[in-house]
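Written out below as structure tokens is the structure these notes cover.
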There are 2 protein chains.
Amino acid sequence: METQPTFRALADPTRRDILLMLRDKEMTIAEVTDNFDMTRAAVKKHLTVLSDGGLITVRAQGRERINSLNPAGMAPIRDWLTFFDAFWDTRLSALKSEIEKDTQ
Amino acid sequence: METQPTFRALADPTRRDILLMLRDKEMTIAEVTDNFDMTRAAVKKHLTVLSDGGLITVRAQGRERINSLNPAGMAPIRDWLTFFDAFWDTRLSALKSEIEKDTQ
DNA sequence: TACATATGAAACCATAAGGTACCATGTCAA
DNA sequence: TTGACATGGTACCTTATGGTTTCATATGTA
């Protein structure tokens with residue numbers, strides 16, 4: 001799996017905001033654009049980068065393009081972060097005890 | 001907490017490689033440079049970006065600068081990713097069962 | 001069909017980013 | 001003190017990136 005496109009996609013604040021918006025509902029390019037102070041063309045470029053990073057999926061519906069969040073696309077990031085888990089004993093044990101408490 | 005410097009720091013593959021190297025041991029700028037095909041000045045810039053992102057700490061030791069991994073700096077990324085946890089039921093339950101198996 | 005709507009795409013701009021070259025400064029060692 | 005060594009810092013170059021404008025194309029609708 002190529003991680004670069006995903007890290008690259010997350011590096012821009014506008015794109016991260018778009019992802020947060022798409023949590024609530026799928027949106028057309030025009031709808032996404034309504035939330036920003038920039039042209040539709042600029043937003044389209046951001047959506048392309050997000051798509052390249054596997055963070056969203058796009059499907060055509062008539063003349064519209066429905067953009068949907070693809071949370072699975074964040075796996076490369078999560079996986080890469082696990083490379084540093086050895087330094088996170090504290091956090092991991094906290095999570096573990098939290099889950100254990102939950103399963104009682 | 002400002003997340004942008006951290007996401008920005010992780011967007012470059014060279015910088016991610018530097019972080020992986022620093023897991024094993026602290027390194028001076030010259031030592032980090034030995035691992036790449038670029039000048040010390042370029043590596044220094046990367047280290048500055050990593051420092052700005054809170055991902056490494058630098059301390060002076062004589063004429064050297066010791067660069068150390070600061071895994072806590074990745075918290076902003078981990079925290080941001082949790083915004084999408086609602087879409088991760090499958091992965092979370094897998095982790096949960098994994099931990100449950102571990103605690104048997 | 002005729003016109004408005006939703007995108008796609010390319011040309012163009014200014015700025016940010018990744019690198020190099022070069023010179024200054026601080027520190028270790030004889 | 002005198003070099004040698006490790007960095008700091010700046011000027012400069014090239015390419016990538018974020019945006020806008022403008023025009024073409026496809027689809028919905030009166």
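Just so it is clear, the model here is predicted, and its values are computed rather than measured. Just so it is clear, the values below take in all heavy atoms, side chains as well, and ignore hydrogens, waters and symmetry mates. Chain A is the first sequence line, chain B the second, and so forth, proteins listed ahead of strands; every chain is numbered from 1.
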Legend entry - Base versus backbone protein contacts along nucleotides 14-21 of chain C [heavy-atom cut-off under 4.0 Å; B, S, -]: ---SSBBB
Rounded interatomic separation in angstrom, taking [atom1] from [X] and [atom2] from [N]:
{"X": "A/R59", "N": "C/dT7", "atom1": "CZ", "atom2": "P", "result": "13 Å"}
{"X": "A/K44", "N": "D/dT17", "atom1": "NZ", "atom2": "P", "result": "16 Å"}
{"X": "A/R65", "N": "D/dA26", "atom1": "CZ", "atom2": "C1'", "result": "8 Å"}
{"X": "B/N67", "N": "D/dA6", "atom1": "CG", "atom2": "P", "result": "14 Å"}
{"X": "A/D34", "N": "C/dT5", "atom1": "CG", "atom2": "P", "result": "14 Å"}
{"X": "A/I18", "N": "D/dG18", "atom1": "CD1", "atom2": "C1'", "result": "12 Å"}

Legend entry - Pairwise ring pair (Phe, Tyr, Trp, His ring centres under 6.0 Å) hits with a residue in residues 49-71 of chain A, at least two apart: none
Inset, instruction - Return each pair, listed once, that meets ring pair (Phe, Tyr, Trp, His ring centres under 6.0 Å) where at least one residue sits in residues 4-26 of chain A; pairs must be two or more places apart or across chains. - result: A/F7-A/W80
Could you list the protein-to-nucleotides 28-30 of chain C atom pairs, N/O on both sides, closer than 3.5 Å?
none

Mind checking side-chain contact (heavy atoms from CB on, under 4.5 Å) for [X] and listing every partner two or more places apart, or none if nothing turns up?
{"X": "A/P5", "answer": "A/E2"}
{"X": "A/N35", "answer": "A/M21, A/M27"}
{"X": "A/T28", "answer": "A/A30, A/E31, A/E64, A/I66"}

Inset, instruction - Calculate, to the nearest 0.5 Å, the distance between atoms CG and CG belonging to B/L55 and B/L22 respectively. - result: 10.5 Å
Show me the side-chain donor-acceptor pairs of residues 41-54 of chain A shorter than 3.5 Å, one per line, residues at least two apart or across chains.
unit_1	atom_1	unit_2	atom_2	d
A/K44	NZ	A/T48	OG1	3.4
A/H46	ND1	A/R15	NH1	3.1
A/T48	OG1	A/K44	O	3.0

Legend entry - Set of salt bridge (charged side-chain N to carboxylate O under 4.0 Å, His left out) partners for B/E26, sequence neighbours left out: B/R59
